[in-house]
Amino acid sequence: MAHPWWKTSVVYQIYPRSFIDSNGDGMGDLNGIISKLDYLALLGIDVIWLSPVFKSPMDDNGYDISDYDDIAPEFGTLADMDRLIAEARVRDIKIIMDLVVNHSSDEHPWFESARQSKDSPYRDYYIWREAQSDGSLPNDIRSYFGGPAWTFNPATNDYYFHQFSTKQPDLNWDNPAVPDAVHAMMNRWLDRGIAGFRMDVIDLIGKDVDNKVLANGPTLHSHLKAIHQATLKGRDALTVGETWSVTPETARLYSAPEREELSMVFQFEHITLTFDPVHGKWKPREFDLVALKQVFAKWQTELDGNAWNSLFWNNHDLPRAVSKYGNDSTYRDASAKALATVLHGMQGTPYVYQGEELGMTNVAFESIDDYQDIETRNLYTERLEQGDSPTALMAAIHKNSRDNARTPMHWNASDNAGFTTAKPWLKVNPNYTTINVEQSLEDQNSIFHHYQRLIQLRKTNATLVDGQFELLFADHPQVFAYLRKTDSETLLVVGNLSTERLTLQLPGNVPTESSRVLICSGTPLTEISQQLQLAPYDAFIASLR
């Protein structure tokens with residue numbers, strides 16, 4: 001079956017400031033990434049998703065863009081970006097860039113003009129409201145980063161709207177000049193040779209702030225169709241939308257081929273299972289495998305033939321997978337491999353976040369001063385003022401701070417993990433001496449080599465791309481198992497996601513007589529039987545015919 005290239009690809013996300021520093025300033029950069037392209041080619045990935053490298057005051061580490069057509073000097077130059085695109089292409093690796101157009105930086109020339117006068121030609125590029133008659137805020141919408149979503153602008157005696165930092169004013173997509181400018185900018189980058197975009201909080205661009213509708217607003221899909229028509233149509237590009245509000249039903253609106261909007265979306269239902277219903281991620285709940293399987297099964301079955309899944313455990317905003325869903329102490333190696341196996345066996349495009357292929361873990365800095373993430377620091381200050389316990393807050397930060405994913409990449413056991421010769425912008429996780437690239441490459445049984453084999457398997461096994469999903473042992477609290485079926489082959493994927501040894505009796509309708517194990521993460525296997533003996537965090541993919 002012929003597919004768009006991104007259906008058979010594996011994407012690797014790079015958080016540039018934490019990947020590799022080439023010039024000794026303590027921050028990763030584009031030339032550093034170029035120097036590690038051979039490493040990524042060895043891993044076998046097809047696409048790099050590059051978190052923002054645009055010019056930015058870095059209030060939110062680049063997700064606050066002040067110039068969409070230039071590169072932040074911390075990361076390099078436009079010439080460096082062109083060289084990265086070209087050097088990646090030589091290795092058959094494509095680049096997609098993070099498109100942040102729900103908001104800009106308050107240091108973008110548009111906003112700098114807009115905030116000076118109501119007569120500015122860029123005034124309506126942003127969202128402004130007067131105070132209420134009693135002098136209070138326009139409404140009670142809160143920022144995702146804490147505090148009100150409205151900030152007073154003295155020069156014009158009114159308020160601007162921001163769903164994130166006060167330095168990230170929301171763009172007004174109801175003003176036709178905004179989408180026109182975004183379309184032109186996207187085309188300039190596509191013409192430059194990138195292969196598409198990861199679209200940051202894209203489900204928020206159709207908002208109606210007066211009626212407090214933020215996600216999935218009334219104009220969202222018309223904006224996405226216009227983006228496709230003006231920039232993507234006729235191009236062989238990948239677009240993936242960050243959509244925290246999405247459901248399987250609305251995912252089809254975004255990414256069904258006939259809709260001509262996006263290639264796929266990131267859904268976060270499996271992520272939010274560990275969030276408290278009221279307090280969110282800052283009051284984490286324990287990992288529930290039964291609930292997790294139900295979520296994955298729902299997305300697998302409901303999108304099959306209708307849209308396309310993105311498969312991921314972690315990213316730059318989320319905790320490390322092996323710490324969240326695995327066992328990052330006694331069974332770090334085994335649980336990281338098992339989690340990779342059960343994820344990569346599903347239908348969709350897998351995304352690997354930098355360091356995931358090493359089994360990098362969460363970090364537990366002792367002091368809030370060691371954290372750089374604006375969301376984490378704002379949360380800590382706000383919740384302390386509300387009377388929360390510092391100990392409880394730090395425990396939640398250790399589990400869910402975005403800085404868990406942002407500690408520098410571990411290249412070797414030398415100072416600062418080989419990331420930099422200077423003081424790193426964010427402290428390195430102290431376990432880098434035992435978890436690093438150099439050691440992983442030398443060990444053929446490492447997590448890295450397991451990822452390498454999983455990625456290669458996806459390139460050579462059509463059932464992993466096309467096969468229908470059928471969940472097994474839905475109520476088993478420790479086993480994640482499922483089938484992938486095509487007319488010519490059935491794959492069995494099994495993972496023991498627990499610290500216990502298990503005996504698992506396969507259903508009678510799962511034939512094992514001519515089975516062949518394609519990959520296993522723990523106990524060596526070449527074939528399987530109806531009764532499986534699984535050591536802690538054993539996982540495998542087997543062909544049944």
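Predicted model, so just to flag it, every value in this text is computed and none were measured.
- Residue pairs satisfying the salt bridge (Lys or Arg N to Asp or Glu O under 4.0 Å) criterion with at least one member in residues 391-401, sequence neighbours excluded, are absent.
- Every residue two or more places apart in sequence or in another chain was checked for a salt bridge (Lys or Arg N to Asp or Glu O under 4.0 Å) with Asp276, and none qualifies.
- A heavy-atom distance below 4.5 Å is found between the side chains of Ile374 and Asp59.
- In summary, Arg377 and Glu382 do not engage in a salt bridge, as defined by a charged side-chain N under 4.0 Å from a carboxylate O.
- Across all non-hydrogen atoms, the minimal contact from Thr407 to Val363 is CG2-CG1, 3.8 Å.
- Close placement of the Tyr451 and His344 rings is indicated, their centers lying within 6.0 Å of each other.
- A heavy-atom distance below 4.5 Å is not found between the side chains of Trp411 and Glu438.
- Considering every non-hydrogen atom in both Gly24 and Ala422, the closest pair reads O-CB, 3.3 Å.
- Side-chain contact annotation: Glu500 with Gln478, donor-acceptor N/O pair under 3.5 Å present.
- For the residue pair Tyr63 and Ser51, a side-chain donor N or O sits within less than 3.5 Å of a side-chain acceptor on the partner.
- Checked by atom type, the side-chain pair Ser401/Asp403 shows no donor-acceptor distance below 3.5 Å.
- In this structure, Lys298 does not pair ionically with Glu249, as no charged nitrogen and carboxylate oxygen lie closer than 4.0 Å.
- Between Lys167 and Asp60 there is no salt bridge, since no side-chain N of the basic residue sits under 4.0 Å from a carboxylate O of the acidic one.
- The closest side-chain heavy-atom distance from Trp128 to Asn172 is not below 4.5 Å.
- For the atom pair Leu262 CG and Trp308 CH2, the distance stands at 16.0 Å (nearest 0.5 Å).
- Between Arg115 and Asp106 there is a salt bridge, since a side-chain N of the basic residue sits under 4.0 Å from a carboxylate O of the acidic one.
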Requested in this report: Check the pair Tyr353, Phe312 against side-chain contact (heavy atoms from CB on, under 4.5 Å), reporting the backbone distance first and the verdict last.
Outcome: CA-CA 8 Å; Tyr353 180 69; Phe312 70 99; over 6 Å; no
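- In summary, the side chains of Tyr39 and Glu357 do present a donor paired with an acceptor at a separation below 3.5 Å, with no hydrogens or angles considered.
- Put simply, the side chain of Asp328 does not reach to within 4.5 Å of the side chain of Arg320, judged on heavy atoms.
- To the nearest 0.5 angstrom, Ile447 atom CD1 is 11.5 Å from Met360 atom CE.
- There is a side-chain donor-acceptor pair under 3.5 Å between Thr250 and Thr247.
- Salt-bridge formation is detected for the pair Asp170/Lys207: a Lys NZ or Arg NE/NH1/NH2 atom is positioned less than 4.0 Å from an Asp or Glu carboxylate oxygen.
- Considering Tyr351, Tyr325, Phe287 in turn, Tyr325 is the only one that fulfils the ring-ring contact (aromatic ring centres under 6.0 Å, His included) rule with Trp313.
- Between the side chains of Asp80 and Thr77, at least one donor-acceptor pair of N or O atoms lies under 3.5 Å.
- Under 4.0 Å is where a charged nitrogen must lie from a carboxylate oxygen, and between Asp140 and Lys212 at least one such pair does.
- Counting heavy atoms from C-beta on, the side chains of Met81 and Leu50 come closer than 4.5 Å.
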Query raised in the report: Taking it one step at a time, do Tyr12 and Glu356 satisfy side chain to side chain donor-acceptor pair (under 3.5 Å)?
Result: CA-CA 10 Å; Tyr12 188 94; Glu356 180 186 333; over 6 Å; no
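- A donor-acceptor contact closer than 3.5 angstrom links the side chains of Asn431 and Thr361.
- Side-chain contact, Asp21 with Thr420: a donor N or O sits under 3.5 Å from an acceptor N or O.
- Atom NZ of Lys55 is surrounded by 12 or fewer heavy atoms from other residues, nucleotides or ligands within 6.0 Å.
- Taking each heavy atom of Pro169 and His162 in turn, the nearest pair found is CA-CB, 4.1 Å.
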Report task. Check step by step if side-chain contact (heavy atoms from CB on, under 4.5 Å) holds for Leu379 and Leu393. Result -> CA-CA 9 Å; Leu379 173 281; Leu393 282 172; 3.9 Å; yes
Query raised in the report: Can you check side-chain contact (heavy atoms from CB on, under 4.5 Å) on Tyr144 and Trp244, steps first, answer last?
Result: CA-CA 12 Å; Tyr144 291 115; Trp244 282 83; over 6 Å; no
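- By the 4.5 Å heavy-atom criterion applied to side chains, Leu384 and Pro390 are counted as neighbours.
- Electrostatic pairing of Arg198 and Asp200 counts as a salt bridge here, judged by a charged N lying under 4.0 Å from a carboxylate O.
- When ring centroids are compared, Trp299 and Phe266 stay outside the 6.0 Å threshold.
- Under 4.0 Å is where a charged nitrogen must lie from a carboxylate oxygen, and between Asp333 and Lys337 at least one such pair does.
- Residues His316 and Arg406 have side chains in contact (heavy-atom distance under 4.5 Å, counting atoms from C-beta outward).
- Using a 4.5 Å heavy-atom cutoff, the side chains of Asn404 and Ser323 are not in contact.
- In this structure, Leu454 CG and Leu43 CG are separated by 10.0 Å, a value rounded to the nearest 0.5 Å.
- Looking only at atom types and distance, the side chain of Asp373 has a donor-acceptor partner in the side chain of Thr376 under 3.5 Å away.
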Query - side-chain contact (heavy atoms from CB on, under 4.5 Å) assessment of Ile96 paired with Ile48 - result: CA-CA 6 Å; Ile96 65 170; Ile48 292 170; over 6 Å; no
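- Phe161 has its ring centre less than 6.0 Å from the ring centre of Trp150.
- For the residue pair His450 and Thr341, a side-chain donor N or O sits within less than 3.5 Å of a side-chain acceptor on the partner.
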Report task. I would like to know whether His103 and Tyr126 meet ring pair (Phe, Tyr, Trp, His ring centres under 6.0 Å); could you show each step before the answer? Result -> CA-CA 9 Å; His103 48 267; Tyr126 297 90; over 10 Å; no
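- For the 3.5 Å distance criterion, the side chains of Ser335 and Asn327 fail to qualify, holding no donor opposite an acceptor.
- Open room surrounds OH on Tyr122; 12 or fewer heavy atoms of other groups in view lie less than 6.0 Å from it.
- Separation of the Tyr254 and His221 ring centroids falls under the 6.0 Å cut-off.
- Between Tyr160 and the choices Trp110, Tyr125, Phe111, Phe152, the ring-ring contact (aromatic ring centres under 6.0 Å, His included) rule is met once, by Phe111.
- Glu375 meets the salt bridge (Lys or Arg N to Asp or Glu O under 4.0 Å) test with Lys281, Arg402; sequence neighbours excluded.
- Residues Asn61 and Tyr15 bring a donor and an acceptor atom of their side chains to less than 3.5 Å of each other.
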Query raised in the report: Could you go step by step and tell me if Asp158 and Arg123 meet the salt bridge (Lys or Arg N to Asp or Glu O under 4.0 Å) rule?
Result: CA-CA 12 Å; Asp158 56 6; Arg123 178 70 177 178; 2.3 Å; yes
Requested in this report: Show the numbers, then the answer: is there a side chain to side chain donor-acceptor pair (under 3.5 Å) between Ser120 and Ser113?
Outcome: CA-CA 6 Å; Ser120 163; Ser113 172; 2.6 Å; yes
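- Taking all atoms of both residues into account, the shortest heavy-atom contact from Ile33 to Ile20 is N-CG2, 3.6 Å.
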